[in-house]
Amino acid sequence: MEGHALLNPERRMLGVIQGDVAKKWTLEEILQACNWQDQAIAVTAGHGLTNKKLAKTKETSSIQIRLANEGANAIENGLLEARLWNWICSTDEATMQNLQQSFERHEAGPGVGLLKRLGVSLEAGKFVVADADVVNAEIAKRSEFIAGLPALEQSLDAELLEHFKSRRNLIESVITTSRMWNVTVAGNAVSSQQLQESEMISEITTELLQSENWRDADYRSFDVTLPSSTPASGRSHPMQALIERIRATFLEMGFSEIVDDYVQTAGWNMDALFIPQDHPAREMQDTFYLDNPAEMDIPQNILDAWQEIHLNGGDTGSTGWGGSYSNEVSKRGLLRTHTTVNTIQYLSRNPDKACRVFAVDRVFRKEAIDRTHLPEFHQIEGIIMEEGANLQMLVTTLKTFYAKMGCPEVRVRPAYFPYTEPSLEVEVKWKGKWLELGGAGIFRPEVTEPLGITTPVLAWGMGLERLAMLVLGLDDIRQLYISDLEWLRNQPIL
Ligand code: PHE
């Protein structure tokens, strides 16, 4: 045990109890020997020494008997039976009638009862006693008993104790804990040099840092593993904190962030991504179409390029979807159903500049709310456009991202999206189970060529709330959006 780990009061107390190795020191002895007034200092120091195994504490709780209200009166004026007995002995006419005149009703009644039990009886209205010595002796014993209080229960005469317990308000019992300390072998081995008291610093102040004193100061150590109360203070919502962490992670991985509107056209949200116009996801149950704006403009050359691709595959070698195609459908306003609508527009504006961009943003789908679904949620979207970008790079990027987010076990499975080939699904291992977090793939030529892109583009879109559920250990997604203060306070700092 190093000396500097001891607090000053512990040092002083250890020095004292080292003075007699065999002795168990009481609180009073410690206070005196350490020259302390405050019991709390001694008890805390004793506790500290015991935790460090330098001392042993022996705790005994005992019952103390002390005077109650009537008992304190009796000390001042005498016990009721003593006062009555004195009166009987000193009056010529010890009759019940006279007694009632000399004592109040509330004393006379119970008092006579007490005397009777001591052997005083009433004959024709007069008090008579068989043996005055017996009465004197018993009253003396009782007076002595209460004069000796407070005292430990076990040190008292059992019969008298029973007697006083049966009387109202004379005595009461309290449980007290007393401690005794003795030095252990380890405690005795602490050198007197280590017991040298020093000025100990428990708070670092600017003054201290500005002076030179901090260099040689002794610092109080704190056990940060001890339980403590948590101060409630303002902080970011866990979702916001998670979004910040995702941002930081992508920025660290060399990505830049894009932010765009969530009011978009069906053209950019779907046609640009080669989602056929008769795709079921376009139906009202999945997409929130808007009345205002019901329609938004898209440059005619882009509309034409999509139409070409959808009807016959354009110059990509694809046959397209065939069937019918409408520019009016493309112009319809909607709330974006995925953030891929933003990355594809970024590419259309920057078709020949290698890039790594990401977005963490809100999307909307007509979903029934349940444990794992919300109609408004967030996606973690990203693309890498780079010469030579390939599937391996995509998988590595996603694995790296999830590992940085605290999910090291990631696997991918084949999947299908109309706009990527190959397509994959990303799953993360959580509590022994694989959970699907999102989709990814390499944009098809039907997507890139109409925009004039010739470099491969890796793309992904992941659910943020799903990840939040994993990170925060939730089994109901709705918990994230109800303002449950108790829950919010107890969330980890992300
Ligand atoms: N947009 C897809 C979704 O919403 C995810 C995805 C993005 C898939 C990019 C492949 C490429 O689920």
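Counting starts at 1 for both ligands and their atoms, following the listed order. Along the sequence shown, the residues carry numbers beginning at 1. Here the structure is a predicted model, which is why all the values come from computation and not from measurement. Hydrogens, waters and symmetry mates play no part in the numbers below; they use all other heavy atoms, side chains included.
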Whether [Y] and [X] form a salt bridge (side-chain N of Lys/Arg under 4.0 Å from carboxylate O of Asp/Glu) is what I want to check.
| X | Y | value |
| --- | --- | --- |
| R332 | D291 | no |
| R179 | E59 | yes |
| E153 | K165 | yes |
| E10 | K52 | yes |

Establish, from distance only, whether the side-chain atoms of [X] and [Y] form a donor-acceptor pair under 3.5 Å.
| X | Y | value |
| --- | --- | --- |
| E446 | T316 | no |
| T177 | S61 | no |
| T337 | D286 | no |

Inset, instruction - Kindly state whether the ring of W306 and the ring of F274 have centres lying under 6.0 angstrom apart. - result: no
Inset, instruction - Give the residue and atom name of whichever protein heavy atom lies nearest to atom 11 (C) of ligand 1, and the separation in Å to one decimal. - result: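 The answer is A459 O, 3.6 Å.
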Legend entry - For atom 3 (C) of ligand 1, closest protein heavy-atom neighbour: Q379 NE2, 3.6 Å
May I ask you to list the atoms of ligand 1 that are less than 4.0 angstrom from any heavy atom of [X]?
| X | result |
| --- | --- |
| G461 | 5 (C), 6 (C), 7 (C), 9 (C) |
| E381 | 7 (C), 9 (C) |
| R365 | 3 (C), 4 (O) |
| T420 | 10 (C), 11 (C) |
| T340 | 1 (N), 7 (C) |

Check [X] against ligand 1 and report side chain, backbone, both or neither, counting heavy atoms closer than 4.0 Å.
| X | result |
| --- | --- |
| E436 | neither |
| S423 | neither |
| Y419 | side chain |

Inset, instruction - Work out whether the distance between some heavy atom of G438 and some atom of ligand 1 is less than 4.0 Å. - result: no
Inset, instruction - Could you establish whether M462 and ligand 1 come within less than 4.0 Å of each other, counting only heavy atoms on the residue side? - result: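 So M462 does not count as touching ligand 1.
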Legend entry - Non-hydrogen side-chain atoms of T448 and P456 separated by less than 4.5 Å: no
Inset, instruction - Examine T337 against ligand 1 and note whether any of their N/O atoms are separated by less than 3.5 Å. - result: no
Inset, instruction - Return a yes/no value for H338: is any of its N or O atoms, backbone included, closer than 3.5 angstrom to an N or O of ligand 1? - result: yes
